[in-house]
Colleague: 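Structure below; questions to follow.
Residue numbers start from 1 in every chain, and the chains themselves are labelled A, B, ... in the order their sequence lines are given, proteins ahead of strands.
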Amino acid sequence: MVAITLPDGSVRSFEGPVTGLQIAQGIGPGLAKAALAVTVDDVMVDLSTTIGTDARVSIVTARDDAALALLRHDAAHVMAQAVQELFPGTQVTIGPSIENGFYYDFARNEPFSLDDLALIEERMREIVARNLPIEREVWDRDEAIAWFRDKGEQYKAEIIEDLPAGEPITVYRQGDWLDLCRGPHLPSTGKLGTAFKLMKLAGAYWRGDSRNPMLQRIYGTAWPDAKQLSAYLTRLEEAERRDHRRLGQEMGLFHLQEEAQGAVFWHPKGWTVYRSLQAYIRRRLEKADYVEVNTPMLVDRSLWEKSGHWEKFRENMFTSEAEERVLALKPMNCPGHIQIFRQGIKSYRDLPLRMSEFGSCHRNEASGALHGLMRVRAFVQDDAHIFCTEDQIVSETQSFCALLKSVYHDLGFEDVSVKFSDRPAKRAGSDATWDKAEAALRDATEAAGLSWTLNPGEGAFYGPKLEFVLRDAIGRDWQCGTLQVDFVLPERLDAHYVAEDGAKVRPVMLHRAILGTFERFMGILIENCAGRFPLWLAPVQAVVATITSEADAYATEVQALLKKKGLRVVADLRNEKINYKVREHSVGKVPVMLVVGRKEAENRTVAVRRLGGEAQEVLALDDVLATLTSEATPPDLRD
RNA sequence: GCCGUGGUAGCUCAGGGGUAGAGCAACUGAUUCGUAAUCAGUAGGUCGGAGGUUCAAAUCCUCUCCACGGCACCA
């Protein structure tokens, strides 16, 4: 007897071993038809897998989230079959499901063209229509290797060779095509449905290693139904509309050009936003008892050798020569800050010392890595280093986390998650030091009440780090803030303070940033608000637009009064229709339009129209001045 | 850096061996108008750069630069 417990708690007994499909059939024909896989004690397996012992079983249908990965994985297989049918001699490698879809990496001498994608997709639909049963087989390891070798599938053979010894070698067959795969899979290709689309072609290194040959990757997206597919495609269009490079150009915020690859030309409007953001951060740091410094951009190689940067990042540093010295443009600010710390004698009474700098840094990023404002070679960080005692790590982490969350809140981000990155393979400092640093950071996260996910081996070379990830308005994640515990650099650059008992002690250094870099954060901000900056950040906060030239003098007066209150206001006195002006400034994403005609001039009122709405409100000039002044106040300066 | 795709007016794009095009923007003039594009006219180009093939190259070939999409990288 096999007792199967279903999700509703009911138990069904079977004479002997039973498959998921049989269980589904026992419940009802509708469920049997919808069934895609089963979970047996929380492990997803094929519908055809026999269950020989008592278990908790649930039938997976397209309605389950778990089915999505299955569907996408099958889509990858169907694509691989289509490719091998159309392009004999192409080798298959791996093809997993990923967020929103799937990909498959192929080895083929000829590159695929975009036209090929249409052909492949068409063939995929044929394979789905064939509704081939998908069957699992367990093969002998050596025979499997020989079989794939014989077929010219070198990559697959290599994968099998590298599988751990005890692992069964499973193969999934659909029609006369098969692929090595761990599974599980759908019962037949027809279950994939038609809500998929091939998206793009890309190169990808075999096993993700740039020393290996490059394969051709085809990306696709797949969904349970056409509605979800089209919703996804709409989301992509939405992301494209928000692209900071497009908005930056349309709104005249900044530009990039090839003579200064990876460096930003900020235009007046973009720079206005940037400066407002920087002024805000500066106020927040001052209030949190940071002291601001500024350190040299060109620094002798010897300092970078001492800090360890030269050894690890020399290739990504810009250098210059002068009078037989090799100088490097600083890639980070920390060694400079330690030089300031080292001036004079520091006492335990000086700690924690929170030293901030809007440091202008340069890193020679690979040309292929550059991406608008998101990845640049010249940038400014909202950087600071907290020199403290080991005992102060926990409280400093706590107060930093509170500051960070408050800043993100002010900037319109509420959803923040945390990643904990521990020791990387290539690192400085002893294991004992790392043990201490990781333990300290872990204690601190606990004290700060943070839940985090582990990001193994991703720490900085000098210490473990917390990474703060924020989610934007359309659900994308951006890693921005960081807090890194560093016992190594103070040692290498010989920083110390005098403790209570008169002993010379190494301070601990906490590297921390909230925005990360201003450039990248500006990009994120632009995309998050789709160019519609909150009033306090908007480059032009209001436009006073006239209906007739008779109102010119009044409009100029309104502009002057608002300007006196500190608002950024433009008067549009052009001889254009009000429709034209409203449209132009709406497209330009100006938050507030103040329309004045003969009536307003006579009554000393203003017709206020907000971006995104059609409503107009005629208010007394004094009320408008008071309201806008209050609304335009940065969040930290509000009462 | 690697693979792929691109580069034509300020912007968005058409044209693919035979005189360089459109829309928007710009400029000039007319229009004074009540909440998302008033009308008419004018001007605007080393077709990314260099070399080659050809009677003739934006168009074909080679090299190169840059951008875009991924991959690798990201202190």
Colleague: Under the 3.5 Å rule, do the base of B/A36 and the side chain of A/Arg609 count as making a donor-acceptor pair?
Modeller: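 Present.
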
Colleague: Base, sugar-phosphate, or nothing: which does A/Tyr103 touch, judged by heavy atoms less than 4.0 Å apart?
Modeller: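 The answer is nothing, as A/Tyr103 stays clear of every strand by at least 4.0 Å.
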
Colleague: For a quick check, tell me whether the side chain of A/Tyr205 and the base of B/G1 share a donor-acceptor pair closer than 3.5 Å.
Modeller: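 Side chain to base: pair present.
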
Colleague: Which listed nucleotide (B/U35, B/A36, B/U38) is nearest to the side chain of A/Ser586?
Modeller: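 Per side-chain heavy atoms of A/Ser586, the pick is B/A36.
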
Colleague: Taking atom C1' in both B/C13 and B/G51, compute the distance separating them and give it to the nearest angstrom.
Modeller: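 To the nearest whole Å, 29 Å.
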
Colleague: What's the spacing between A/Leu404 CG and A/Leu515 CG if we round to 0.5 Å?
Modeller: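 It comes to 9.0 Å.
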
Colleague: Which nucleotide, B/C11, B/U35, B/G1, lies nearest any side-chain atom of A/Asn579?
Modeller: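 Nearest listed nucleotide: B/U35.
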
Colleague: Cation over ring, A/Arg520 on A/Phe518, under 6.0 Å and within 45°?
Modeller: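 That pair does not qualify as a cation-pi contact.
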
Colleague: Would the A/Phe87 and A/Phe112 ring centres measure less than 6.0 Å apart?
Modeller: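 Yes, the ring centres sit under 6.0 Å apart.
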
Colleague: Crowded around A/Lys581 NZ? As in, over 12 foreign heavy atoms under 6.0 Å?
Modeller: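 Counting other residues, nucleotides and ligands, NZ of A/Lys581 exceeds 12 neighbours.
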
Colleague: What's A/Pro331 touching, base or sugar-phosphate or nothing? Going by heavy atoms closer than 4.0 Å.
Modeller: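 Base, at least one base atom sits under 4.0 Å.
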
Colleague: Using the C1' atom on both, measure B/C55 against B/G15 and round to a whole Å.
Modeller: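 23 Å, rounded to whole Å.
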
Colleague: Is the Lys NZ or Arg CZ of A/Arg427 less than 6.0 Å from the centre of A/Phe461's six-membered ring, within 45° of the axis?
Modeller: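 Output no; distance or angle outside limits.
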
Colleague: Base, sugar-phosphate or nothing for A/Gly308? Non-hydrogen atoms, less than 4.0 Å.
Modeller: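 The answer is nothing, as A/Gly308 stays clear of every strand by at least 4.0 Å.
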
Colleague: Please report the distance separating the P of B/C61 from the corresponding atom of B/C71, rounded so that it comes out in whole Å.
Modeller: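 Each nucleotide's P atom is 30 Å from the other's.
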
Colleague: By the 4.0 Å heavy-atom rule, please label A/Ala545 as base, sugar-phosphate, or nothing.
Modeller: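 Counting heavy atoms under 4.0 Å across all strands, no contact is made by A/Ala545.
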
Colleague: In terms of side-chain heavy atoms of A/Pro111, which of B/A36, B/A75, B/G4 is nearest?
Modeller: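 Taking heavy atoms from C-beta onward, the closest nucleotide is B/G4.
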
Colleague: Classify A/His371 by what it touches in the nucleic acid, base, sugar-phosphate, or nothing, heavy-atom distance under 4.0 Å.
Modeller: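 Since only primed, P, OP1 and OP2 atoms lie under 4.0 Å of A/His371, the category is sugar-phosphate.
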
Colleague: Check every strand shown and say whether A/Glu258 touches a base, only sugar-phosphate, or nothing at a heavy-atom separation below 4.0 Å.
Modeller: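 Answer is sugar-phosphate: A/Glu258 comes under 4.0 Å of backbone atoms only.
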
Colleague: Where the side chain of A/Tyr580 is defined as all heavy atoms beyond and including C-beta, which of B/C3, B/U35, B/A26 is the nearest nucleotide?
Modeller: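 Of B/C3, B/U35, B/A26, B/A26 is nearest to the side chain of A/Tyr580.
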
Colleague: Base, sugar-phosphate or nothing for A/Glu250? Non-hydrogen atoms, less than 4.0 Å.
Modeller: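 Contact class for A/Glu250: none.
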
Colleague: Should the pair A/Arg442 and A/Trp452 be classed as cation-pi, given the thresholds of under 6.0 Å to the six-membered ring centre and 45° from the axis?
Modeller: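 Judged by the rule, A/Arg442 and A/Trp452 form no cation-pi pair.
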
Colleague: Strictly by Watson-Crick or wobble contacts shorter than 3.5 Å, is anything paired with B/U28, and which nucleotide is it?
Modeller: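 B/U28 is paired with B/A40.
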
Colleague: Can you tell me which nucleotide in B/U32, B/C66, B/C68 comes closest to the side chain of A/Arg245?
Modeller: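 So the side chain of A/Arg245 is nearest to B/C68.
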
Colleague: Could you tell me whether A/Arg217 contacts a base, only the sugar-phosphate backbone, or nothing, with contacts defined as non-hydrogen atoms closer than 4.0 Å?
Modeller: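 Sugar-phosphate, no base atom in range.
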
Colleague: Contact class for A/Asn316 vs. all strands (heavy atom < 4.0 Å): base, sugar-phosphate, or nothing?
Modeller: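 Base, at least one base atom sits under 4.0 Å.
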
Colleague: So what does A/Gln216 touch, heavy atoms closer than 4.0 Å: a base, only the sugar-phosphate, or nothing?
Modeller: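 A/Gln216: no heavy atom of the nucleic acid under 4.0 Å.
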
Colleague: Looking at B/G70, B/G34, B/A75, which one has an atom nearest to any side-chain atom of A/Arg363?
Modeller: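 Closest nucleotide among those given: B/A75.
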
Colleague: At 4.0 Å (heavy atoms only), tell me whether A/Lys312 reaches a base, stays on the sugar-phosphate, or touches nothing.
Modeller: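 Nothing, no heavy atom under 4.0 Å.
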
Colleague: By nearest atom, which of the nucleotides B/C74, B/A37, B/C66 is closest to the A/Gln261 side chain?
Modeller: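 It is B/C66.
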
Colleague: For A/Met199 and B/G4, give me the distance from atom CE to atom P, rounded to whole Å.
Modeller: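 So the CE-P distance, A/Met199 to B/G4, works out to 21 Å.
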
Colleague: Identify whether any heavy atom of A/Arg211 sits under 4.0 Å from a base atom; if not, whether one sits that close to sugar-phosphate; answer base, sugar-phosphate or nothing.
Modeller: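 Nothing, no nucleic acid heavy atom in range.
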
Colleague: Would you mind classifying the nucleic acid contact of A/Phe112 as base, sugar-phosphate or nothing, using non-hydrogen atoms under 4.0 angstrom?
Modeller: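 No contact.
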
Colleague: Just to be sure I understand the rule, does A/Ala202 reach a base, reach only the sugar-phosphate, or reach nothing, if contact means heavy atoms closer than 4.0 Å?
Modeller: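 Answer is base: heavy atoms of A/Ala202 come under 4.0 Å of a base.
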
